[in-house]
Amino acid sequence: MYRDHLPLTALPAWCKLNDVNFLDSKVEDLGGSKGFGLITERSLNSKETFDIPTLLTIPRDLILSGEAVEEHAKADGAFRQLIEAAGGKSLRGDVMLYLLMQVTIGSPDRGMNVGLSTAWTAYVKMMPGVVPVPTMWCEEERILLLGTSLEMAVNAKLAALQREFETLREQTASIVWCEKCWWDDDALEFRDWILVDAWYRSRSLELPDIGQCMVPVLDMVNHSSQANAYYEHISSNGVSLLMRPDKLLEVGSEITISYGDIKSEAEMLFSYGFIDQQSINKSLALTLEPFPDDPFGKAKAAAFGGPPVLRISVEQDDVQWECPFLYFMLLNEEDGLEFRMLQQTDGTRSQLKVFWQGSDVTDATNTFESLISNHPLNDLFKLRAMALLQDRLRQQLERLYESEEEVQLVADTPLVGLHQRSNAMLLRKSEKLTLEKAFAAADMQKNELLDSKVVLHYLGRTGDEEPEEETTNHEEVEEDFS
Ligand SMILES: C[S@@+](CC[C@H](N)C(=O)[O-])C[C@H]1O[C@@H](n2cnc3c(N)ncnc32)[C@H](O)[C@@H]1O
């Protein structure tokens, strides 16, 4: 859809009209992929003072929250029609519809006489037309993510966005203004929906009392892991941006906040379109699937309380990993795991119940690591866990190595943007290192476990026999360790 643009020079007037106040700060175009950012207009000091400088204030009625969307639907009949037909599924979905409505109202050839203008109608015209998140990358750029933890995540996200867009079309095709403004000549395109999703992902934030929301102008502040500012919300006054204590900022310094200290590089790239090279957080998340030949596989996936994710983090050479599903995944009937379908007393519904050693653990399927800790074969279970962990790491590393040639073929072509290239290469390098370190750490743990009395006894070996080769599939793991 054609989107009207307003230059950055329009921002001061918009702020004045809407009571947004800059205090010794202003928004400037910082160029490159960073886009706009907030900078100081004079030197500022928060050292040895209780009088912490405020840099920006935004009134509460500008905050785009779930409640604001609901209120707006009461006042704007056209928007109400849209929300009734296609909204109410999630906060994110409703805010995206609100943003799309503002773009439509502000579009010179479509929006006439549709909907009520708000402060956001002009504000969205100053928001970027491209956000460097991977859902906005071209096909060649997405090839650079092959073998990384984002490969599947980005494909799944694009497929989900496509489904959402088709559903939006189906649910609003009979609304007269939607038909006229969006669907008649396919003015609203899939890439518009991708952009609105990217806005929400890269510009929304969490405020206490309000939850996930968007705050205009505050969303022009960039990220740094050594942030010099923070925001706070005081319900009567709205949102303020304040300088962090003990800082000295020269005139023209960039004012930054933290988008989240514990986000992994992949999460940063996925949500914001860049990797912070100063960040020391080296972690990644991989999905895990039950074994295809596990007779309990489907039941385990259904009974597990959360996504089956393996999280690995590496600090210096210390590798930590967390995967509650792994401990559930490795158990079977012979170990004492049972599934039962229990009929409700009225006979209408049945419920899947999980039992471990005879006890009902349906609500505790993500705690198997501690449930098995007192079991006499705990070391053996842990050994199985290490073998499974290594399998998953090996699989991911192989995908990274195998894709290298294909990646190199496109990386230097003009089809790939420099920003996309450098960020994808950083991710590949960093994830490879993390996976290799995690693999080596799992190997050490596995070897230690192979020396455990329980394991040696179970495998019928004496202590001085060589451990067997690593296992690569479920059957071998079962033969060796169960
Ligand atoms: C909340 S917006 C910040 C304002 C944005 N720069 C703009 O032009 O409107 C978040 C986006 O800013 C960019 N950004 C923020 N911090 C960055 C950083 N440290 N390095 C590179 N880009 C950054 C990314 O494109 C990110 O998606």
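Both ligands and their constituent atoms are indexed starting at 1 by order of listing.
- Listed by chain and number, Ser33, Lys34, Gly35, Phe36, Val131, Pro132, Ser202, Arg203, Asp219, Met220, Val221, Asn222, His223, Tyr259, Tyr272, Phe274 each place a non-hydrogen atom less than 4.0 angstrom from ligand 1.
- Trp193 and Phe190 have their aromatic ring centers separated by at least 6.0 angstrom.
- Atoms CZ and CD1, from Arg201 and Ile194 in turn, are 9.5 Å apart once rounded to the nearest 0.5 Å.
- For the atom pair CG of Leu82 and CG of Leu100, the computed distance is 7.5 Å after rounding to the nearest 0.5 Å.
- Among residues two or more places apart in sequence or in another chain, the ring pair (Phe, Tyr, Trp, His ring centres under 6.0 Å) test is passed with Trp177 by Trp182.
- Within the 6.0 Å centre-distance limit, the rings of His72 and Tyr98 are counted as a close aromatic pair.
- Within a 6.0 Å sphere centred on NZ of Lys429, other residues, nucleotides and ligands contribute 12 heavy atoms or fewer.
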